[in-house]
Amino acid sequence: MQCFSFIKTMMIIFNMLIFLCGVVLLAVGIWVSVDGASFLKIFGPLSSSAMQFVNVGYFLIAAGAVLFALGFLGCYGAQSESKCALMMFFFILLLIFIAEVAAAVVALVYTTMAENFLELLIVPTIKKDYGSQKDFTEVWNTTMKELKCCGFNNYTDFEDSPFFQEKHVFPPFCCLSANGTAMGACTKEKAEEQHVQGCFKQLLTDIRTNAVAVGAVAAGIGGLELAAMIVSMYLYCNLK
């Protein structure tokens with residue numbers, strides 16, 4: 001009985017935290033959707049760039065709604081000892097867990113397919129907007145600076161872009177020296193000579209380099225989800 005009460009209390013506390021996180025995400029998502037200008041002023045150009053790729057407001061609302069529902073069902077199910085709420089909590093978590101496993105398998109098995117799809121999506125956008133759209137240009141400059149990479153594939157992604165047409169050179173990140181510093185005006189000859197790696201492949205390289213840390217985080221999240229499912233089933237099976 002003491003074990004049951006302890007697990008029930010921990011279930012309530014754990015899901016209360018999830019519930020509060022859901023409320024925060026919902027509030028921020030609604031704020032971004034209703035008053036995006038204020039959001040951009042506070043978080044700067046990087047947030048504006050992110051909003052060009054994904055509608056941050058709707059994404060936060062969706063994530064907040066899921067966490068809100070999970071936290072509420074977990075708290076309510078444990079507190080009121082409702083089998084229905086606990087079963088719904090279990091199935092929602094199970095669906096999320098299966099989706100995460102499926103996404104991981106797809107990412108591992110179909111990396112080449114994902115690269116081809118992203119190339120068809122991103123490269124034409126670079127050629128169209130890099131140098132003319134300020135926020136888009138800034139997010140790519142930040143990405144290339146941090147990852148020490150050039151474009152999606154390489155410097156050729158910037159050919160015919162507004163930046164290249166105006167200045168007749170490539171971004172300085174496409175002509176980095178061995179120590180990571182720019183080498184003046186990045187002409188085609190210099191870019192060919194330096195052969196700086198594209199950002200997608202650089203990102204994959206960084207992920208593989210830090211595979212242990214990435215795997216540990218993924219395993220931690222999966223472990224928490226499994227633990228929550230086990231606890232909810234334990235409470236479900238021990239309720240009268």
Side-chain angles (χ1 to χ4, degrees), residues 1-34 39 43 47 50-51 53-111 113-115 117-118 203-204 206-240:
M1 186 64 184
Q2 288 182 345
C3 181
F4 178 85
S5 299
F6 173 76
I7 292 178
K8 176 182 173 180
T9 303
M10 293 305 297
M11 179 81 169
I12 293 171
I13 295 173
F14 177 74
N15 283 283
M16 183 62 71
L17 294 175
I18 294 178
F19 179 83
L20 292 174
C21 289
V23 171
V24 171
L25 286 179
L26 269 175
V28 173
I30 294 171
W31 170 38
V32 172
S33 300
V34 174
F39 178 81
F43 291 97
S47 61
M51 290 180 72
F53 296 103
V54 181
N55 193 316
V56 176
Y58 291 126
F59 175 79
L60 291 176
I61 289 173
V66 172
L67 292 179
F68 181 91
L70 270 177
F72 174 78
L73 288 172
C75 283
Y76 175 77
Q79 179 63 36
S80 64
E81 300 186 356
S82 169
K83 283 192 170 187
C84 179
L86 287 172
M87 185 55 68
M88 289 179 66
F89 174 84
F90 174 84
F91 275 116
I92 292 176
L93 260 185
L94 181 62
L95 289 174
I96 294 173
F97 183 77
I98 292 173
E100 289 172 348
V101 172
V105 171
V106 169
L108 290 172
V109 177
Y110 298 104
T111 302
M113 184 183 297
E115 180 179 1
F117 173 76
L118 290 173
L203 181 61
L204 289 180
D206 290 348
I207 290 174
R208 287 167 184 149
T209 303
N210 300 284
V212 174
V214 174
V217 172
I221 294 173
L224 282 175
E225 291 171 345
L226 282 173
M229 286 190 285
I230 292 171
V231 168
S232 64
M233 276 295 96
Y234 173 83
L235 294 176
Y236 178 88
C237 294
N238 284 275
L239 290 176
K240 296 181 181 179

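One is the number of the first residue; the rest follow in order along the sequence.
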Drop me the distance from [X]'s [atom1] to [Y]'s [atom2], to the nearest 0.5 angstrom.
| X | Y | atom1 | atom2 | answer |
| --- | --- | --- | --- | --- |
| F72 | M16 | CZ | CE | 10.5 Å |
| L25 | I30 | CG | CD1 | 11.0 Å |
| L67 | I92 | CG | CD1 | 11.0 Å |
| L20 | N15 | CG | CG | 11.0 Å |

Next item on the list: Kindly write out the residues that satisfy ring pair (Phe, Tyr, Trp, His ring centres under 6.0 Å) with F68, not counting sequence neighbours, or none if the list is empty.
Entry: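 F68 satisfies ring pair (Phe, Tyr, Trp, His ring centres under 6.0 Å) with F19 once adjacent residues are dropped.
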| With F90, which residues qualify under ring pair (Phe, Tyr, Trp, His ring centres under 6.0 Å), at least two apart? |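 So F90 forms no ring pair (Phe, Tyr, Trp, His ring centres under 6.0 Å) with any residue.
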Heavy-atom pair of closest approach, residues M11 and A78: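 Closest heavy-atom pair between M11 and A78: CG-CB, 3.7 Å.
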Minimal non-hydrogen separation, A85 against G77, with atom names |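 Closest approach of A85 to G77: CB-CA, 3.7 Å.
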Contacts of [X] that satisfy side-chain contact (heavy atoms from CB on, under 4.5 Å) - sequence neighbours left out:
| X | answer |
| --- | --- |
| C84 | S82, M88 |
| T9 | I13 |
| Y234 | C3, F4, I7, N238 |

Validation: residues 218-233 side-chain donor-acceptor distances under 3.5 Å, sequence neighbours left out:
unit_1: S232; atom_1: OG; unit_2: A228; atom_2: O; d: 3.3
unit_1: S232; atom_1: OG; unit_2: M229; atom_2: O; d: 2.7

